[in-house]
Amino acid sequence: MPLKAGDIAPDFSAKDQKGKTVKLSSFRGKKVLLYFYPTDDTPACTAQACNLQLNKRKLALRGYQIIGISTDDEKSHKKFAEKYGLTFPILPDTERTVHDSYDVWGHKKLFGHEYMGTLRTTFLINEEGIITRVIEKVKTADHAAQVMDV
């Protein structure tokens, strides 16, 4: 069953692109912008990450900490973060355990080809660890404005 506003955000723990362990529960008392994206260094994923990085200060003024998650590994995330100057944590989920707990792994279709993959989704989580908003139709090039448009 898909997560929705009002649900408790499932906790997770993973190492980011710098090898630092990141736990969602350690962000209690802060708002979290948790976004799932398909693949490092592709046009849409890069646009989304760079838009969030560009607007990181504005998002922080609204209390948001940014965390990105994809099924790419730590090495790929490190290269992606360094290439584009991304300073927020990007977590690998190669086993898809976090994807499964957030129900963001599913059927996709591209050019008539069907496959399984990450469903680009953003979860806004409040200071108590409760999901306040789920964004499923992500505007990659203007995602920060989409988040702040509450």
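The chain is numbered in sequence order, starting from 1. The analysis underlying the following values was restricted to heavy atoms, covering all of them including side chains, and did not include hydrogens, waters or symmetry mates.
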Flag, side chain of [X] to backbone of [Y], donor-acceptor distance under 3.5 Å:
X	Y	value
D7	I131	no
R96	W105	no
S25	K23	no
Q146	K139	yes
H77	D16	no
R133	V147	yes
D93	H99	yes
S101	V98	yes
Q53	T87	yes

Exercise. Does one hydrophobic cluster hold both Y37 and V104, with members joined at side-chain heavy-atom distances below 4.5 Å?
Worked result: no
Problem set entry | Co-membership, hydrophobic cluster, residues V32 and L59, 4.5 Å side-chain | no
Exercise. Would one find more than 12 heavy atoms of other residues, nucleotides or ligands at under 6.0 Å from atom NZ of K78?
Worked result: no
For this session: Kindly check if the number of other-residue, nucleotide or ligand heavy atoms within 6.0 Å of CD1 (I130) is above 12?
Result: yes
[X] side chain near [Y] side chain, heavy-atom distance below 4.5 Å:
X	Y	answer
P10	L3	yes
T21	S13	yes
H143	L52	yes
N51	D142	yes
L24	I125	yes
L124	L33	yes
I69	F12	yes
K20	K15	no

For this session: Let me see the working for T122 and Q48 under side-chain contact (heavy atoms from CB on, under 4.5 Å), right down to the final yes or no.
Result: CA-CA 11 Å; T122 297; Q48 183 179 15; 4.0 Å; yes
Problem set entry | With E114 via side chain to side chain contact (heavy atoms under 4.5 Å, CB included) - residues at least two apart | K109
Approximate separation, where rounding is to 0.5 Å, of [X] [atom1] and [Y] [atom2]:
X	Y	atom1	atom2	value
N55	M148	CG	CE	5.0 Å
F123	I135	CZ	CD1	10.5 Å
D40	K75	CG	NZ	13.0 Å
R28	E128	CZ	CD	8.5 Å
E74	L91	CD	CG	9.5 Å
K137	T121	NZ	OG1	10.5 Å

Once the angle between the rings of [X] and [Y] is folded into 0 to 90°, is it parallel (under 30°), tilted (30 to 60°) or perpendicular (over 60°)?
X	Y	result
F36	Y102	tilted
Y35	F88	perpendicular
F80	Y84	perpendicular

Write down the atom of [X], the atom of [Y], and the distance for their closest heavy-atom approach.
X	Y	answer
P89	V22	CB-CG2, 4.1 Å
T39	T42	O-OG1, 3.2 Å
P38	C45	CD-SG, 3.5 Å

For this session: Using the six-membered ring of Y115, assess whether NZ or CZ of K108 lies under 6.0 Å from its centre and within 45 degrees of the ring axis.
Result: no
Problem set entry | T46 and K83: CA distance, side-chain angles, deciding distance, side-chain contact (heavy atoms from CB on, under 4.5 Å) verdict | CA-CA 10 Å; T46 300; K83 183 175 180 179; over 6 Å; no
